[in-house]
Amino acid sequence: MTVIFRGRVDPQKLKKAEKIASDLGTSVQELFRIFIAEVARTGSVPVSLVVGQEGPLFSKERRNKIWRELDDTEAW
C-alpha cells in the first residue's frame with residue numbers, strides 16, 4: 001500500500017529538477033521515492049546524485065532491482 005504525498009514547490013525549481021531528473025534517466029517523482037527510501041533505510045539524508053558522462057544514473061533494470069530489494073512486502 002502506498003500513500004499520496006503532496007507538497008508545494010517553486011515552479012522554476014521544479015522545472016530545473018525535471019531537467020536534471022531527465023538527464024539522470026528518471027523523473028522527479030522517482031527521485032523523491034528514492035530519496036525517501038534512502039532516508040528510511042539509512043536514517044540520514046542521502047548523498048547527492050550527479051549526472052556523469054557515462055549516461056543515466058539508473059537503468060530501468062537497476063532501478064527495478066533496487067525497488068525489489070527495498071520492497072519489504074515480498075517474502076525472501
Side-chain angles (χ1 to χ4, degrees):
M1 180 177 190
T2 61
V3 297
I4 295 174
F5 177 87
R6 292 177 53 165
R8 294 182 184 267
V9 178
D10 178 277
Q12 291 176 331
K13 289 180 183 175
L14 179 59
K15 189 171 184 169
K16 288 180 181 180
E18 288 171 335
K19 168 69 171 107
I20 292 167
S22 177
D23 291 345
L24 290 168
T26 191
S27 66
V28 170
Q29 295 86 346
E30 184 73 11
L31 290 177
F32 181 76
R33 288 188 290 269
I34 292 168
F35 176 83
I36 294 300
E38 276 298 289
V39 170
R41 185 180 71 82
T42 65
S44 64
V45 176
V47 297
S48 64
L49 303 174
V50 179
V51 176
Q53 292 182 353
E54 57 279 343
L57 180 65
F58 295 111
S59 66
K60 285 184 181 180
E61 294 79 19
R62 180 164 182 228
R63 185 173 63 230
N64 290 339
K65 180 178 182 273
I66 290 168
W67 276 114
R68 281 193 304 275
E69 291 171 356
L70 292 172
D71 185 358
D72 60 357
T73 63
E74 293 183 18
W76 296 100

TODO: Apply side-chain hydrogen bond (donor to acceptor under 3.5 Å, both in side chains) to K15 and list each qualifying residue two or more places apart in sequence or on a separate chain.
DONE: none

Open item on the list: Checking E18 now: which residues fulfil side-chain hydrogen bond (donor to acceptor under 3.5 Å, both in side chains) with it, not counting sequence neighbours?
Closed with: none

- [ ] Determine the minimum heavy-atom distance between A21 and V28, stating which atoms define it.
- [x] CB-N, 3.7 Å

TODO: Please examine the side chains of I36 and F32, heavy atoms only from C-beta on, and report whether any two atoms are closer than 4.5 Å.
DONE: yes

- [ ] Would you check if K16 and K19 make a side-chain contact, meaning some heavy-atom pair closer than 4.5 Å?
- [x] no

Below 3.5 Å, can you tabulate the donor-acceptor pairs from side chains in residues 3-14 to any protein atom, sequence neighbours excluded?
unit_1, atom_1, unit_2, atom_2, d
D10, OD1, Q12, N, 2.9
D10, OD1, K13, N, 3.1

Task: Distance (rounded to the nearest 0.5 Å) between T26 OG1 and I34 CD1 - done: 5.0 Å

